[in-house]
Amino acid sequence: MNKEYEFKSLEKKWQDVWKESDLLKVTEDKDKEKMYILTQFPYPSGDGLHMGHTRVYSIGDLLARYYWMQGKNVLSPMGWDAFGLPAENASKKRGVAPDKWTLANIDQMKEQFAKLGLVYDWKREVTTCLPDYYKWTQWLFIQFLKNDLAYKKASKVNWCNTCETVLANEQVKNGQCEYCDSEVEKKDLEQWFFRITNYSDRLLEDLDNLPGWPDRVKTMQANWIGKSTGVELDFTVKDSGEKIRVFTTRADTAFGVTYLVLAPEHPLVEKLSKDAPNRGEIKEFVNDTLKTAEFMRMSDEMEKKGIPLNATCINPLTGEEVPILIGNYVIYEYGTGAVMAVPAHDQRDFEFAKKYDLPIKVVIKDKDSDETTPENMQQAFVEKGVMVNSGEFTNMTSDEGIKKIAAKAHKEDFGGETENFRLRDWLISRQRYWGAPIPVVYCEKCGVVPEKDENLPVMLPTVDKVDLSAKGKSPLGTCDDFVNTTCPECGAKAKRETDTMDTFICSSWYYFRYPTGQDPEKAIDKEKVAYWHPVDKYIGGIEHAILHLLYSRFFAKVLKDLNIVKDDEPFKQLIAQGMVNLNGAKMSK
Amino acid sequence: MIEKYGADTTRLFILFAAPPEKDIEWSDDAVAGCFKFLRRVYLIFERALKFYKKDASVVAFEDMSSNAKDVYRKLHQTIKKATDDVGERHQFNTAVSSFMEFFNMFNPYLTEIEKNGSDGEAEFVISESLRDTIKMLAPFCPHIGEELYSNLGLGKSVFDAKWPEYKKEYCVEDSIEIPIMINGKIRDRINIAPDEIEDKVKEMALSSDKTKKYSEGKTIRKVIFVKGKLVNIVVS
C-alpha cells in the first residue's frame with residue numbers, strides 16, 4: 001500500500017468503484033429485516049450543497065452503511081424537491097428556463113453527493129418537477145377532491161406582495177413570509193384548500209404513538225393543532241335578534257360577563273355599525289387593525305384597543321344586557337371570532353375594562369376565602385374556585401359549574417360543550433408558474449370538473465409561453481393554449497384552473513414514491529410500501545417540525561383512509577439535526 | 001473543504017463535532033484535527049500490516065499477556081461502544097472518540113512489537129484489531145475504510161463484511177481506577193476490581209496515606225461510595 005495518506009487519489013478511486021457497485025441497491029426481500037433510512041430531499045438550488053446538507057447526508061449515509069453491515073435490507077433513496085420560487089426568480093432575472101436551471105442544479109448536486117462518498121439507490125430517484133412525478137401529485141389531488149377533502153372558497157388569505165402569491169398559515173412566520181421575510185397582508189381571494197381540520201383529532205392523538213419523535217417536535221405540533229375543550233354560548237343582539245356565538249373554556253365565569261368583543265372581521269360588525277354615530281371611527285379602526293399582522297394582534301406586547309359598537313346583547317344565562325365592542329386582539333379565524341369578556345377573572349379583559357371604564361363583576365371566589373369586590377382588585381382572579389353571584393349555579397365549584405352550564409345551554413338551545421382547534425384548513429393554491437398545475441377544469445355547464453386520469457399529467461407549459469410577471473395573477477393565466485380546453489365531462493369549451501399547488505404537497509408523499517420505484521402505472525404501490533414502511537429513521541432539520549411533518553402525517557392518514565397505503569404514520573423515528581455555524585451564524589458552504 | 005482535506009475528513013468532522021441534535025460550530029482546528037487522526041490511522045495501519053495474518057490462530061483471552069489483553073479488551077470495548085452509539089443512541093461523536101482512544105492504546109503496543117518482535121499472540125491481536133476497527137470506521141469514512149480493508153485480503157468491499165461483534169466477557173476491566181475525595185476534593189486514586197464490595201473499597205480508601213494525611217486531627221463523619229465511580233470521605 002501507499003506509504004502516505006493520499007486522500008485525493010484514494011477517494012476518487014473508491015467513488016469510481018461505487019458508481020458501478022450494487023451497494024445499497026435493494027428489492028423487497030421478505031427474508032431480511034428491512035431498514036428504511038430517509039434524509040429529507042433537498043431543494044436543487046444553484047448554490048449547491050451547504051454544510052447543513054453535508055451534515056444531514058453524512059448522518060444518513062453513515063446509518064445506511066452501518067445497518068447494511070448489520071445485515072439489514074437497507075433502503076436509502078434520494079430525490080429532489082424541485083418545484084418552487086427560486087427557479088422562477090432565476091428565470092425572471094437571468095432568462096434561463098426553470099426546468100433547465102433545475103435539472104442543471106440537480107446534476108451539479110449529484111456530483112457533489114458523489115464527491116462526499118454518499119451512496120444512494122438512484123433507480124428510485126424522485127424529481128417532483130418532472131411530469132412522471134407531478135402526474136401522480138395531480139392524481140392525488142383529484143382523490144382528495146373526489147373525497148371532499150379539497151374545496152375552493154373565498155376567504156381572507158395571507159398575501160405576500162414580494163412573492164406575489166398567497167401563503168399557508170404555516171408559511172407565515174412572525175407575520176412575515178417564510179421565503180422573503182416581507183410583511184404578509186390579508187387579501188380576499190378564492191382559493192383551494194385541503195380539509196386538514198377533518199384530521200385535527202387524529203393528528204393530535206396519534207402523536208402519542210410516536211415514541212421515536214423528539215418531544216419538542218411533538219409539542220410544537222400539538223400546540224399548532226391547539227385543541228381546547230370548552231363551551232359555546234349564544235348572546236342575542238338586542239332589537240335585531242341576531243345571535244353572536246362565543247367560545248369559552250371558562251363557562252363558570254359566564255355570570256360575570258360585562259361586555260362582548262367582536263373581531264374586526266366579524267360579519268356582524270358592518271351591520272351593527274351601519275347606524276352608529278361613530279361609524280367613521282369604527283371603519284378606520286377596522287382598517288387599521290386588519291393591516292396589523294395577526295401574530296402581532298395576538299402577542300402580549302400589543303396594546304389592546306377597542307371601540308364600542310353602539311349595540312348591546314343579552315347574556316343567555318342572566319338575561320342582562322351588555323355592550324358590544326370591537327377589539328384588535330380578537331382574531332376571526334380562531335374560535336368563533338367573538339369573545340365574552342369577564343374582567344374579574346381574565347387578566348386581558350381586566351386591563352381592557354380598566355382602560356375603557358367597563359364594569360367588573362366578581363363571580364368566582366377562592367374556596368378558602370371570602371369573595372372580593374371589584375374595587376379591591378389589583379388584577380383579575382384567574383384561578384378556578386367556587387361560583388358566587390351566579391344564580392342557580394352559586395356555590396358550585398368551577399368544574400361542576402362548567403358542566404352544568406354546558407348542559408343547560410345544550411338543553412335550552414343556546415350552545416353547549418364543544419371542542420375548538422387552532423389548526424385551519426391548508427391553503428394550497430399558489431399564483432406561481434413553477435409548480436404542479438391544479439388538475440381542474442371549469443365548465444359553464446358542469447361546474448368544477450377534475451381532469452380525467454387518462455389525461456394526466458396536466459402539463460405545465462414551457463416558460464416561453466407564459467408571462468411570469470403578471471402582477472398578482474397566476475402566470476398560467478397568460479397562456480391561452482393552457483387555459484382554453486374542453487370539459488372532461490361534456491366536451492364543451494372550458495377553462496383550466498391557473499393556480500399551481502403549494503410545493504409542500506409534492507413533499508407530503510414522496511416517501512411513498514421511493515418504495516414504489518419509478519412505476520409508470522401507479523402513484524403508490526401498496527404492497528411494496530407495506531414492506532418498507534414506516535420510514536425507520538427520518539433525518540432532517542427541526543425547521544420542518546410543523547409544515548412538512550404535519551402535512552406528511554395528514555397525507556398518510558388520508559391515503560390510509562382511501563385504502564392507498566396501510567400505515568397512517570409515515571415516520572417511526574425522527575433525527576432532527578442541528579445547524580452548522582460559522583462564528584455563530586448559519587454556515588453556507 | 002472537500003478539496004482541501006477530502007470527503008472522509010469532512011464527514012468525520014461533522015459526525016464528531018457534536019451529537020446530531022446539537023448545533024456545530026465550525027472550527028478549522030477541529031477539521032485539521034480530524035484529518036490528522038485519519039492520517040494517523042492510515043500510517044499506523046501501514047506499519048501494522050506486516051504483522052497482519054488473515055488466518056491468525058486464535059489465542060484465548062485468559063492466556064494473553066497483560067499488554068495484549070489490554071489492547072484486545074479495548075478492542076471489544078470499542079466495538080461495544082460504537083455498536084451502541086451508532087445503532088441505538090445515534091450519538092456518533094462518542095463513537096468517534098472511542099476509535100481515537102483505541103488507537104491511542106494500540107500505537108504504543110505496536111511500537112513495542114516492532115521493537116521486540118512479533119509472535120502468535122501479537123499477530124492475533126493486531127490482525128483482529130485492524131480488521132474490526134476498519135470495519136467500524138468504514139461507515140463514517142468510507143473511502144479510507146475501503147482502501148485499508150482492501151489490504152486485508154478479505155474481499156473486495158468492506159461493505160460486504162459484517163459489522164464486528166463483541167464478547168461481553170472481554171469488555172470487563174481487571175481493575176478500574178477511582179478517585180478518593182476528602183470533603184469533595186480529589187486527594188488520591190486507587191485501583192479496585194470493578195465489582196469490588198463496598199466495605200472493602202471503603203477500607204482501602206481509609207487506609208490510604210493521603211487520606212490519613214488530610215484527615216489528621218479531624219473526625220471522619222461519613223464515607224460515601226458510588227459504585228464504579230468514587231469514594232468521598234466527609235471529615236470535620
Side-chain angles (χ1 to χ4, degrees), chain A residues 1-15 17-18 21-24 49 51-52 54-59 61-72 112 114-119 214 216 537 539 542 573-587 589, chain B residues 1-15 17-28 35-36 38-43 45-46 49 82-83 86-87 90 92 95 135-136 138-148 150-151 156-165:
Chain A
M1 67 187 274
N2 210 322
K3 290 269 177 218
E4 189 42 71
Y5 174 39
E6 283 169 6
F7 64 90
K8 271 190 186 153
S9 53
L10 182 160
E11 293 189 347
K12 172 83 173 54
K13 169 180 150 192
W14 289 103
Q15 284 161 13
V17 170
W18 295 330
S21 83
D22 287 334
L23 182 61
L24 295 176
L49 289 187
M51 284 314 292
T54 305
R55 189 175 188 190
V56 69
Y57 303 126
S58 294
I59 293 171
D61 194 67
L62 161 63
L63 287 174
R65 291 174 188 265
Y66 168 78
Y67 286 111
W68 181 267
M69 290 177 81
Q70 285 282 20
K72 301 276 199 309
Q112 291 176 318
K115 279 193 180 154
L116 256 179
L118 306 174
V119 171
R216 61 177 170 157
K537 316 274 173 190
I539 308 145
I542 189 84
Q573 185 181 10
L574 277 191
I575 301 176
Q577 102 284 359
M579 299 211 288
V580 183
N581 296 327
L582 180 62
N583 304 325
K586 192 172 165 181
M587 188 169 180
K589 289 247 177 173
Chain B
M1 175 70 196
I2 297 182
E3 294 298 316
K4 190 165 171 200
Y5 291 111
D8 283 341
T9 295
T10 307
R11 293 170 60 127
L12 190 68
F13 164 73
I14 258 183
L15 295 165
E21 69 279 5
K22 294 268 189 299
D23 286 357
I24 292 178
E25 184 61 38
W26 183 266
S27 146
D28 288 338
F35 178 78
K36 241 174 91 184
L38 288 184
R39 180 167 178 267
R40 185 155 180 259
V41 170
Y42 188 94
L43 298 178
F45 183 96
E46 199 269 331
L49 196 57
T83 307
V86 178
H90 302 332
F92 316 117
K135 281 186 191 174
M136 289 190 284
F140 291 81
C141 304
H143 309 82
I144 194 172
E146 290 274 44
E147 179 68 21
L148 297 182
S150 71
N151 286 290
K156 72 179 190 343
S157 170
V158 64
F159 300 106
D160 294 335
K162 289 276 162 284
W163 181 264
E165 284 176 12

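Proteins get letters first, then strands, A, B, ... in listed order; numbering begins at 1 in each.
No more than 12 heavy-atom neighbours from other residues, nucleotides or ligands sit within 6.0 angstrom of CZ on B:R39.
By the 4.5 Å heavy-atom criterion applied to side chains, B:D8 and A:Y5 are counted as neighbours. Inter-residue side-chain proximity for B:F159 and A:D22 is flagged as unmet; no heavy-atom pair is nearer than 4.5 Å. Counting only heavy atoms from C-beta outward, the side chains of A:M69 and B:V158 approach each other to under 4.5 Å. Counting heavy atoms from C-beta outward, B:H90 and A:I59 have side chains that stay 4.5 Å or more apart.
The heavy-atom pair separating B:W26 from A:V580 by the smallest distance is CE3-CG1, 4.3 Å. The two residues B:I14 and A:S58 come nearest to each other via the heavy atoms CG2-CB, 4.1 Å. Among all heavy-atom pairs drawn from B:E146 and A:W14, the shortest one is CB-CD2, 3.3 Å.
Interface remark: of the candidates A:R55, A:Q577, A:Q70, A:R55 forms the most heavy-atom pairs closer than 4.5 Å to chain B. Among the candidates B:D160, B:L38, B:L49, B:T9, the residue making the largest number of heavy-atom pairs closer than 4.5 Å to chain A is B:L38. Among B:F13, B:F45, B:F35, the residue making the largest number of heavy-atom pairs under 4.5 Å with chain A is B:F35. In terms of non-hydrogen atom pairs under 4.5 Å with chain B, the most contact-rich of A:E4, A:K115, A:K3 is A:E4.
At a 4.5 Å heavy-atom cutoff, the contact between A:L63 and chain B is made by side-chain atoms alone. B:K156 touches chain A through its backbone: at least one of N, CA, C or O sits under 4.5 Å from a heavy atom, while the side chain does not. Of the two parts of A:L116, the backbone and the side chain both hold a non-hydrogen atom closer than 4.5 Å to a non-hydrogen atom of chain B. Interface residue B:I144: backbone and side-chain heavy atoms are both found under 4.5 Å from chain A. With a threshold of 4.5 angstrom between heavy atoms, A:K537 approaches chain B through side-chain atoms but not through N, CA, C or O. In this structure, chain A has no heavy atom under 4.5 Å from any part of B:S27. Neither the backbone nor the side chain of B:A17 has a heavy atom closer than 4.5 Å to any heavy atom of chain A. Only the side chain of B:F92 comes within less than 4.5 Å of a heavy atom in chain A; its backbone stays farther off. Proximity to chain A (any heavy atom under 4.5 Å) is restricted, for B:P19, to the backbone atoms N, CA, C and O. Within the 4.5 angstrom heavy-atom criterion, no atom of A:Y57 approaches chain B.
Here A:Y66 contributes atom OH and B:W163 contributes atom CH2; the two are 6.0 Å apart, rounded to the nearest 0.5 Å. The distance from atom CG of B:D28 to atom CG of A:L582, rounded to the nearest 0.5 Å, is 8.0 Å. In this structure, the separation between CG on B:L12 and CG on A:L62 is 10.5 Å, given to the nearest 0.5 Å. Atom CG of B:L15 is separated from atom CG of A:D61 by 9.5 Å, given to the nearest 0.5 angstrom.
Comment: A:K13 engages B:E147 in a salt bridge, judged by a side-chain N to carboxylate O separation of less than 4.0 angstrom.
Distance alone, capped at 3.5 Å, places no donor-acceptor pair between the A:N581 side chain and the B:E25 backbone. The backbone N or O of A:F7 lies less than 3.5 Å from no partner atom in the side chain of B:Y42, so there is not a single donor-acceptor pair. Judged purely by atom type and a 3.5 angstrom limit, A:E11 uses its side chain to pair as donor or acceptor with the backbone of B:A7. Remark: the backbone N or O of A:G117 is paired with a side-chain donor or acceptor of B:R11 at under 3.5 angstrom.
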